[in-house]
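For reference, the structure discussed in these notes is given below.
Chain letters run A, B, ... following the sequence lines, proteins first, then strands; residues in each count from 1.
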Amino acid sequence: MPYEGYYSCKCSSGGTIFDSHRVFNNANERDDVIWTSMVACYAQQGDKEAVFQLFNQMQVEGVKPNSVTCLMICLVCSSPDCLKDGKKIHTFILGSGMQFNLALTNTIIDMYVKCRRLNYACCVFDVMVNRDVVSWNVMITAHVEAGLNEQAVMLLEKMQKGGVPPNQLTYVAVLKGCVQLMNIELGMQVHACIMENSLQVDDFLHSNLAAMYAKCGSLKDAESVLDDMDKADVVSRTALIAGYSKNGEGKEALALFEKMKREGVEPDELAFICTLRASAVIGALQHGKRIHEDIRKSSLCCNVLVKNALMDMYANCGSLNDASDVFASMEAPDILSWNEIISGYAHQGAGKQALLYFDKMLAEGIKPDATTFLAVLNACRHVGLVEQGHCHFESMSREHGILPTMDHYASMVDLLCRAGHTDRAEAFILEMVVEPDESVWMALLGGCRYRGHVETAKRAYRQIIKLNPTLPGAYVTLANIFAMGGMWNDLAEVRKEMDAFGFCKQAEQTYIELEDEIAMFSKSDRSHPQAKDIQTELNRPTDLMKEAGSS
DNA sequence: TTAGGGTTAG
C-alpha cells in the first residue's frame, strides 16, 4: 500500500487538518501523491492561499505537481476574483503537457465558467480531442446559466451526434433551459427523449421535470411526474406547490402541503416558504397561521427566509399586526424583511408607519435598494406626501446610487396625479432622462381619472398606443374617463377600437376563507352554495356608504 | 480528481 497516506490524510474522511499534517510530517518520503493529499485537504476548505503555498513549496522541494494537484488548484480558482490565478495554473498545465488529461481539462473549463469567462471555456472546449459526458454537461449548463438556451440545445444535439449519450445531469440542465425559454413543447420532447433512452430517473431529474411542467404552467403534467415517483420527495412536491401558487391556484398548493404532511414527508425551509406564498396569494390567513404553528414547532423557527415569508403571508392577508410581530422577533432582519414591513404598511395605506420603518432602517445603517424606494414612494402616494416623495425619489440616485426604474417613475407620476398635479406629472415625464415606457404613460392616463383631465388623458393614450397598441388597460381607462365626463361620442370611438382588437374583459377571481374551506368566486359566478350570503356580505359596505351618504 | 435539484416583496 504505497499510497496509504493519500486517503488517510483527507479531511473529508473525518480527519482534521491537524491529522493530515501529522501523516504528512511523518511520511518518510513525500511524493507528489502525498503533497496532493495536503493540497486537496486545503482545497476542500477553500483555503486558496494555503493551496498555492503548498503548490510552490512542493516544487521548491523538487516534487512535480501531477494532474490531480492541478485539478485541486483549478477548483480553488473557480470564482470571478480568482481569474488571474486560474489563468496562471492553466498556463502551468499547458507547459507541463497535462492538457490531454480529460478530468483536468473538464475542471479548467468549469473553472473559467465559474470565473464568468464563458468565452475562455469555449476556447478550451473547442480544441479538445476527446470529450466525455462531463465536458458536454459543463458547457450545456454554462450556456443555460448564461441564458444562451438555444445554444445549449444545439450543444445537446451535437453531443448526441458525436456519440456521447446524455445522462441525468445533461437533462437537468436542458430542462432548465426549456423553462427559461418557457417552451413546454421542447420540455416535452426532452421528457420523451429521457423515456426513449430508458434512462434511470432519480429524484433530481424528477424534481426538475416537475418544476419544468409547473413553471411552464402545465400542472397536470407536473402532477403526473409526481405520480410516477415511488415516493415523491420534498423537493419535487415543493416544485409543484410553487407551480400552483404561481398559477394562482393557492388552494391546490395548500392541499398538496397538507397531503405531504399526512404522508410523513417533513417540510423543509423552501417547502414552508412556497406554501406560505400560496397562502399569501389567496389571502388564506387561517391556513397561514396553521403553517406558522408548524414552523414554531420545527427547527426553522428562527430562519430569516422563513420569517420573511411569514411576514409576506401576514401582510398579504391584511394582518399587519402579525407581520410586525414577526418582524419584531427577528434578530437580524435582512433587506427583504425591511422591504416587506415597509411595503406591507404602505400597501395598507398606513404610509406614515411605513415611513417610520424606513427612517429606522436608515438609522440602523441598512442600505436600501430599488424595492425599498418603490415601497417608500408607495407610502408617500397613500398619504399624499408630494414633496417628501419627490425628495426620496431624488435621493435614490444622488445619495444611494440607485437608478430609478420605470416603476419608480410611474409611482412618482401617480403620486403627483393623486395630489391633483396632473400638469406637473406630465412635465415630469417629459423631463425624464430615459425614454418613458408605456407603464409610465399608463400611470399618467390612470392618474387623469382622479380629476377628470380629459386632454392630458388623450395625450397619454396616444403615447401608449404608439408604444404598444395591444394594451387593453389603455382603452378601458380612457373609456372610463370619457364615461365619467359624459363624453359618449368619444366613448363610442374607443369602444370601436377595442372591438377591432377583439378585447374582452376577463372576470377577475378572488378567494375567501370560510372557516376551513377556501372558496373561489368571480363577479358573475353564483356556483358556491353560499353565493347569496357572500354577495350580501360584499354589498354591505357599499350599502352602508350609500346610507351614510343619503342621510 | 471533474458537472446537477425546489424558492423570496409590488
Heavy atoms under 4.0 Å, any strand shown: does [X] hit a base, just sugar-phosphate, or nothing?
X      : answer
A:R237 : nothing
A:A173 : nothing
A:M72  : sugar-phosphate

Interface residues of [range] with DNA chain B (non-hydrogen, below 4.0 angstrom):
range                       : value
residues 263-273 of chain A : A:D268, A:L270
residues 115-143 of chain A : A:V134, A:N137, A:V138
residues 369-379 of chain A : A:T371, A:L374
residues 320-340 of chain A : A:L336, A:N339, A:E340

Do [X] and [Y] get their side chains close enough for a donor-acceptor pair, meaning under 3.5 Å?
X      : Y      : answer
A:T405 : A:H408 : yes
A:H191 : A:Y213 : yes
A:T107 : A:D110 : no
A:E340 : A:N308 : no
A:N316 : A:D312 : yes
A:S207 : A:S236 : no

- Task: Using atom types as modelled and distance alone, determine if a side-chain donor or acceptor of A:S411 lies under 3.5 Å from a backbone N or O of A:D407.
- Result: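 No, the answer is negative, given that no donor and acceptor are paired below the 3.5 Å cut-off.
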
Decide yes or no, distance alone: a donor-acceptor N/O pair under 3.5 angstrom between the base of [N] and the side-chain of [X].
X      : N     : result
A:T238 : B:dG6 : yes
A:N167 : B:dA3 : yes
A:D233 : B:dG5 : yes

Under 3.5 Å, which donor-acceptor pairs do the side chains of residues 164-181 of chain A form with other protein atoms, sequence neighbours left out?
| unit_1 | atom_1 | unit_2 | atom_2 | d |
| --- | --- | --- | --- | --- |
| A:N167 | OD1 | A:N137 | ND2 | 3.0 |
| A:N167 | OD1 | A:L169 | N | 3.0 |
| A:N167 | OD1 | A:T170 | N | 3.2 |
| A:N167 | OD1 | A:T170 | OG1 | 3.1 |
| A:Q168 | OE1 | A:D202 | N | 3.1 |
| A:Q168 | NE2 | A:Q200 | O | 2.5 |
| A:T170 | OG1 | A:N137 | OD1 | 2.7 |
| A:T170 | OG1 | A:N167 | N | 2.8 |
| A:T170 | OG1 | A:N167 | O | 3.2 |
| A:Y171 | OH | A:N197 | ND2 | 3.2 |
| A:Q180 | OE1 | A:N149 | ND2 | 3.4 |
| A:Q180 | NE2 | A:V144 | O | 3.3 |

- Message: If the cut-off is 4.0 Å, is A:K246 near the phosphate of B:dT8, judged by side-chain N/O to OP1 or OP2?
- Response: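 It does, given that an N or O in the side chain of A:K246 lies less than 4.0 Å from OP1 or OP2 of B:dT8.
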
- Message: Between A:K176 and B:dG5, is there a contact of a side-chain N or O with OP1 or OP2 at under 4.0 Å?
- Response: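 Result: yes.
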
- Task: Measure up the A:Y345 and A:Y357 rings against each other and bin them: parallel (under 30°), tilted (30 to 60°), perpendicular (over 60°).
- Result: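 Taking A:Y357 first and then A:Y345, their aromatic rings lie parallel (interplane angle under 30°).
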
- Pairs meeting criterion salt bridge (charged side-chain N to carboxylate O under 4.0 Å, His left out) with involvement of residues 87-98 of chain A, two or more places apart: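 Found A:D85-A:K88.
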
- Item | Whole-Å distance separating the CE atom of A:M313 from the P atom of B:dT8 |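 So the CE-P distance, A:M313 to B:dT8, works out to 16 Å.
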
Quick test of your reading of the model: are [X] and [Y] salt-bridged, counting only N-O distances below 4.0 Å?
X      : Y      : result
A:K307 : A:E331 : no
A:E258 : A:R262 : no
A:R418 : A:D414 : yes

